[in-house]
Q: 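Structure in structure tokens, see below.
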Amino acid sequence: MLKVTLKTKKILVPIISILAGFLVGAIIMLVWSYNPFQAYTSMFSSALGNMNGIGETIREATPLIFTAIGFAIASTAGFFNIGLPGQAQAGWLSSIWVVLANPNMPKAILLPLAVITGILAGALVAGIAGWLRAQFGTNEVITTIMINYIVLYSCQYLMQQVMSSKLRIDTDTTKTIADNGSLKIGWLSTMFGDSRINAGIFIALVAVFLYWYLMRKTTTGFEIRSVGTNAAASRYAGMSAKKNIMLSMLLSGGFAGLGGVVQGLGTYQNYFTQTTSLDIGWDGLSVALLGGGTAVGILLASLLFSILKIGGLGMQTIAGIPYEIVSIVIAAIIFFVAIQYVIGLLFKTKRAKEIQKDTATEETEANNVTVSSTKTQGGQNS
């Protein structure tokens with residue numbers, strides 16, 4: 001075992017998990033007579049080798065940032081929000097609906113209105129599970145999974161039976177939204193090789209900062225972390241468990257809903273019938289776990305997942321390797337993250353005394369170097 005500080009250990013464990021996942025993928029490729037070097041080269045060149053690839057990689061990572069933040073907030077409070085796909089889907093449909101229903105409204109009003117509507121829709125869906133947990137102690141894992149299916153088919157019903165036919169091309173697809181409600185930015189898309197990158201990335205960067213500030217610099221974040229760490233002690237300290245349950249789930253659903261907004265107003269520009277739960281919800285969960293729930297970790301993990309997703313298409317077209325290999329690599333990475341306790345056994349956390357001793361040793365060595373250098377310069381001057 002290597003002795004490292006706790007901070008270093010938190011960095012090394014996910015890195016080793018990622019490398020182990022890539023190694024498992026390479027072994028599987030070798031077993032099936034594929035060249036792993038060629039596969040991974042084509043993956044990274046497709047995702048990062050040109051401006052279009054970079055733009056699509058950033059675009060793919062954007063909604064994952066929102067859903068990962070949503071999961072991280074609930075997880076910090078001690079809850080496992082599995083309802084991210086449904087919350088994102090609610091945000092997607094509601095934001096598109098608002099834009100299609102108001103084609104002549106000024107963009108300065110319409111776009112913020114659509115974004116806020118999507119956030120509220122996601123928060124409402126998550127709030128149902130939060131209320132059930134706060135009032136009746138219902139397991140949020142079960143309720144959020146069930147609500148995912150309720151939202152999935154409710155959205156299908158709302159679009160096909162409630163939405164005006166004037167807003168749809170057919171029963172399965174809405175019309176494309178107008179520019180006054182779109183997150184697309186012409187110059188940004190052109191800069192990145194006519195990719196689908198959009199203003200959602202700027203909102204995502206703001207969201208990462210807000211998440212960090214909320215959880216680390218505010219009383220609300222402190223209470224959420226306290227409840228998640230020790231609910232009994234938090235109640236004894238005067239914190240309301242019910243309030244923090246509802247607040248954390250509302251925030252979680254709001255961020256997930258924002259992920260759906262970016263998919264609709266930024267990537268696809270419309271809404272179409274979903275046959276299964278949104279991938280950005282499940283991938284966001286994985287991103288949050290890999291990123292350790294930290295702001296920077298989520299940002300980096302979302303980019304990694306995006307590289308795997310976009311680059312996986314390059315593996316398939318350039319190297320002729322099945323896209324399922326990418327899914328195996330992702331699953332392997334998640335597996336090693338899930339068993340990070342086992343990986344953590346490779347390292348031994350230094351105690352405070354050992355850290356102080358190492359620091360003192362480094363300072364002594366630095367002083368010795370300074371003294372030696374001074375003596376040398378003095379001799380040369382003589």
Q: Test your reading of the model: is there a side-chain donor-acceptor pair from Q274 to the backbone of F272, 3.5 Å cut-off?
A: yes
Q: Any non-hydrogen side-chain atom of T273 less than 4.5 Å from a side-chain atom of Q160?
A: yes
Q: Are V125 and L285 connected in the hydrophobic side-chain network, where two residues link if heavy atoms are under 4.5 Å apart?
A: no
Q: Working to the nearest 0.5 angstrom, can you tell me the gap between M159 CE and S164 OG?
A: 13.0 Å
Q: Would you say the side chain of N198 lies within less than 4.5 Å of the side chain of L188, judging by non-hydrogen atoms?
A: no
Q: Taking all heavy atoms of N148 and all of L84, pick out the closest pair and write down the distance.
A: OD1-N, 4.4 Å
Q: Would you check if the side chain of K175 reaches a backbone N or O of K166 as a donor-acceptor pair within less than 3.5 Å?
A: yes
Q: Say whether Y149 and I280 are linked into one hydrophobic cluster, either directly or through other cluster members, by side-chain heavy-atom distances under 4.5 angstrom.
A: yes
Q: Mind checking the CD-OG spacing from E140 to S248? Nearest 0.5 Å is all I need.
A: 9.0 Å
Q: Taking everything shown except D179 itself, do over 12 heavy atoms lie less than 6.0 Å from its CG?
A: no
Q: Is it true that a side-chain atom of S46 and a backbone atom of G311 form a donor plus acceptor pair closer than 3.5 Å?
A: no
Q: Quick one: CD1 on I58 to OG on S195, what's the gap to the nearest 0.5 Å?
A: 7.5 Å
Q: If every non-hydrogen atom of L303 is compared with every non-hydrogen atom of T57, which pair is closest and at what distance?
A: O-CG2, 4.3 Å
Q: Any chance you could measure L132, atom CG, to I245, atom CD1, to the nearest 0.5 Å?
A: 11.5 Å
Q: Hey, is the main chain of L265 close enough, under 3.5 Å, to the side chain of Q269 for a donor-acceptor pair?
A: yes
Q: Walk me through it: do Y40 and V329 pass the test side-chain contact (heavy atoms from CB on, under 4.5 Å)?
A: CA-CA 11 Å; Y40 288 138; V329 173; 3.7 Å; yes
Q: Determine whether a donor-acceptor pair (N or O, by modelled atom type, separation under 3.5 Å) exists between the side chain of T173 and the backbone of I169.
A: no
Q: Between I73 and Y211, does a side-chain contact (heavy atoms from CB on, under 4.5 Å) hold up when you go through it step by step?
A: CA-CA 8 Å; I73 291 175; Y211 167 65; 3.7 Å; yes
Q: Side chains of F66 and I203, heavy atoms from C-beta outward: is any pair under 4.5 Å?
A: yes
Q: Does I310 belong to the same Ile/Leu/Val/Met/Phe/Trp/Tyr cluster as M43, with side-chain heavy atoms less than 4.5 Å apart forming each link?
A: no
Q: Side-chain contact, heavy-atom cut-off 4.5 Å: W282 with I82?
A: yes
Q: Do M163 and R168 come close enough that some side-chain heavy atom pair is under 4.5 Å?
A: yes
Q: Only counting residues at least two apart or in another chain, list the ones meeting side-chain contact (heavy atoms from CB on, under 4.5 Å) with L290.
A: P14, I18, A301, L304, F305, I333, V337
Q: State, to 0.1 Å, how close S182 and K184 come at their nearest heavy-atom pair, and which atoms those are.
A: OG-N, 3.0 Å
Q: Any sub-3.5 Å donor-acceptor pair from S302's side-chain atoms to I65's backbone N or O?
A: no
Q: Going through the distances and angles, do M146 and I142 end up as a side-chain contact (heavy atoms from CB on, under 4.5 Å)?
A: CA-CA 6 Å; M146 294 173 66; I142 296 174; 3.8 Å; yes
Q: Taking all non-hydrogen atoms of both residues into account, name the closest pair between A204 and T62 and its distance.
A: CB-CG2, 4.0 Å
Q: Do R59 and T267 have side chains that approach each other closer than 4.5 Å (heavy atoms only, starting at C-beta)?
A: yes
Q: Starting from the C-alpha separation in whole Å, work towards a yes-or-no answer on side-chain hydrogen bond (donor to acceptor under 3.5 Å, both in side chains) for S252 and N81.
A: CA-CA 8 Å; S252 178; N81 182 8; 2.7 Å; yes
Q: Rounded to the nearest 0.5 Å, what separates atom CG in D172 from atom OG1 in T275?
A: 10.5 Å
Q: At their closest point, which heavy atom of M215 faces which heavy atom of I224, and how far apart are they?
A: CE-CG2, 3.9 Å
Q: If two hydrophobic side chains count as joined below 4.5 Å and joins carry through other members, does I109 share a cluster with V261?
A: yes
Q: Keeping the roles fixed (side chain from S75, backbone from F71), state whether a donor-acceptor pair exists under 3.5 Å.
A: no
Q: Indicate the atoms forming the closest heavy-atom contact of M29 with A39, along with that distance.
A: SD-CB, 3.4 Å
Q: May I ask you to test the W97-Y271 pair for a side-chain heavy-atom distance under 4.5 Å?
A: no
Q: Any donor and acceptor pair, going by atom type alone, linking the side chain of E56 with main-chain N or O of R196 inside 3.5 Å?
A: yes
Q: Answer yes or no: are there more than 12 heavy-atom neighbours, outside F37 itself, under 6.0 Å from its atom CZ?
A: no
Q: Can we say D283 and K309 salt-bridge, meaning some charged N sits less than 4.0 Å from an Asp/Glu carboxylate O?
A: yes
Q: Is a side-chain N or O of N102 found less than 3.5 angstrom from the main chain of M105, in a donor-acceptor match?
A: no
Q: Do F22 and V31 land in one hydrophobic cluster if side-chain heavy atoms of ILVMFWY residues count as linked below 4.5 Å?
A: yes
Q: I'd like to know if the side chain of S189 and the backbone of I185 have a donor-acceptor N/O pair within less than 3.5 Å.
A: no
Q: Would you give the length of the straight line joining atom CG of L313 to atom OG of S42, rounded to the nearest 0.5 angstrom?
A: 10.5 Å
Q: Side chains of R133 and M249, heavy atoms from C-beta outward: is any pair under 4.5 Å?
A: no
Q: So T143 and I128, side-chain contact (heavy atoms from CB on, under 4.5 Å) or not? Walk me through it.
A: CA-CA 9 Å; T143 55; I128 296 172; over 6 Å; no
